[in-house]
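Just follow the structure's listing: the first ligand is 1, and inside any ligand the first atom is 1. Worth knowing before you read on, the calculation uses all heavy atoms, side chains too, and leaves out hydrogens, waters and symmetry mates. If you're wondering where the values come from, they're calculated on a predicted model, not measured in any experiment.
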Amino acid sequence: MRPADDALIVIDVQNDFCPGGALAVAGGDAIVPGLNRMMADAACVVLTQDWHPANHASFAANHPGAAPFSLTEMDYGPQVLWPTHCVQGSAGAAFHPDLDVARADLILRKGFRPAIDSYSAFFENDRRTATGLHGYLQDRGLRRLVLAGLATDYCVAYSALDAARLGYAVTVRMDLCRAIDLDGSLARMRAEMQAAGVILQE
Ligand code: VGL
Ligand code: ZN
């Protein structure tokens with residue numbers, strides 16, 4: 001058994017991030033059996049779900065002439081424009097069918113405000129608008145976090161960096177993550193996580 005103050009945060013294991021999905025991450029589905037085994041032992045399990053309205057500002061389709069995976073400038077800084085993905089209530093936004101969703105204590109949805117993206121499970125991309133997860137974990141007295149899921153270099157890394165900044169002891173199970181790796185993003189985010197004191201468990 002894990003110590004009672006450990007929480008497992010499973011990031012965005014949704015159909016659109018798995019092979020065949022709208023923003024497929026190579027091997028995204030391969031981590032599901034390992035995640036299910038980890039969840040079985042965890043003192044607390046939180047699942048996050050990317051959950052965008054159709055008019056979401058992170059979708060290239062909502063920026064006439066913009067190509068998917070190009071960069072734009074938002075009020076809060078640079079933002080990648082993604083293929084339309086994880087639209088609220090769609091099949092792509094559903095969890096991978098083999099993920100043991102019944103084991104979750106909390107399902108946290110993020111990215112539902114049309115004008116702002118939310119990679120991190122803690123703060124939206126302005127780094128100030130809170131999702132409420134910190135309050136939940138604090139109320140339960142959970143100080144040590146294990147993170148896994150999709151994608152390593154976006155939602156997992158941003159969550160890990162925010163968690164470290166908030167004072168949690170953070171481990172990322174790299175073997176139970178898969179990356180998008182856009183323009184060197186994986187190497188960059190690995191380095192940022194290490195510099196922030198996040199333990200990367202290969
Ligand atoms: C994610 C890009 C856009 C992720 C979510 O889950 O890593 N990446 N939305
Ligand atoms: Zn998204």
Side-chain angles (χ1 to χ4, degrees), residues 8-32 35 46-63 66-72 74 76-96 99 101 104 107-127 129 131 133 147-163 170 172-174 176-190 192-193 198 200:
L8 174 61
I9 317 288
V10 178
I11 306 288
D12 298 1
V13 182
Q14 295 166 258
N15 290 324
D16 270 343
F17 298 122
C18 291
L23 181 42
V25 179
D29 54 344
I31 62 176
V32 171
L35 291 171
V46 176
L47 304 181
T48 71
Q49 196 170 22
D50 213 36
W51 196 250
H52 301 309
N55 66 346
H56 198 249
S58 80
F59 295 165
N62 294 326
H63 299 258
F69 305 105
S70 63
L71 263 183
T72 190
M74 302 281 202
Y76 51 81
Q79 167 73 48
V80 178
L81 292 176
W82 301 106
T84 298
H85 65 278
C86 297
V87 173
Q88 296 172 0
S90 69
F95 290 108
H96 185 286
L99 188 71
V101 173
I107 294 175
L108 182 103
R109 289 173 171 165
K110 61 184 180 62
F112 48 75
R113 290 182 177 83
I116 181 166
D117 206 1
S118 188
Y119 295 151
S120 164
F122 292 94
F123 295 100
E124 303 198 357
N125 284 11
D126 62 359
R127 311 309 287 267
T129 304
T131 63
L133 181 58
L147 273 66
L150 305 171
T152 321
D153 43 344
Y154 285 93
C155 291
V156 175
Y158 277 68
S159 300
L161 290 171
D162 279 345
V170 187
V172 174
R173 283 286 303 258
M174 297 298 278
L176 295 177
C177 294
R178 292 294 183 272
I180 294 173
D181 204 9
L182 184 64
D183 297 328
S185 55
L186 179 58
R188 197 164 59 242
M189 297 315 287
R190 281 186 74 99
E192 281 196 36
M193 287 191 280
V198 172
L200 304 183

Between V80 and ligand 1, find which residue part has any heavy-atom pair under 4.0 Å and reply side chain, backbone, both or neither.
-> neither

Given the side-chain rings of F59 and H52, with only the six-membered ring counted for Trp, is the space between their centroids under 6.0 Å?
-> yes

What about F112 and H56, are their ring centers closer than 6.0 Å?
->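 No - the distance between ring centres of F112 and H56 does not fall below the 6.0 Å cut-off.
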
Within the 4.0 Å heavy-atom shell around [X], which atoms of ligand 1 are there?
{"X": "C155", "value": "1 (C), 4 (C), 5 (C), 6 (O), 7 (O)"}
{"X": "H85", "value": "3 (C), 9 (N)"}
{"X": "L150", "value": "4 (C), 6 (O), 7 (O)"}
{"X": "D50", "value": "5 (C), 9 (N)"}
{"X": "D12", "value": "4 (C), 6 (O)"}

When every non-hydrogen atom of A121 is compared with those of I11, the smallest separation belongs to CB-CD1, 4.3 Å

V10 versus L35, closest heavy-atom pair with distance | CG1-CD1, 4.1 Å

Does any N or O atom in A151 lie less than 3.5 angstrom from one in ligand 1, N or O only?
-> yes

Residues K110, D50: salt bridge by 4.0 Å N-O rule |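 Yes, charged N to carboxylate O under 4.0 Å.
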
Taking salt bridge (charged side-chain N to carboxylate O under 4.0 Å, His left out) as the test, write out the residues that go with D162, two or more places apart.
->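 D162 satisfies salt bridge (charged side-chain N to carboxylate O under 4.0 Å, His left out) with R127, R165 only.
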
Do [X] and [Y] come within less than 4.5 Å of each other through their side chains, counting heavy atoms only?
{"X": "F123", "Y": "T129", "value": "no"}
{"X": "D117", "Y": "W82", "value": "yes"}
{"X": "L71", "Y": "L81", "value": "no"}

Minimum-distance protein heavy atom relative to atom 2 (C) of ligand 1 =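 Result for atom 2 (C) of ligand 1: W82 CE2, 3.4 Å.
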
Protein N, O or S within less than 2.8 Å of the Zn ion (ligand 2), waters excluded = D50 OD2, H52 NE2, H85 NE2

If you measure from each heavy atom of Q14 to ligand 1, is any distance below 4.0 Å?
->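 The answer is no: ligand 1 sits nowhere under 4.0 Å from a heavy atom of Q14.
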
Give a yes-or-no answer on whether the side chains of E192 and Y158 include a donor-acceptor pair shorter than 3.5 Å.
-> no

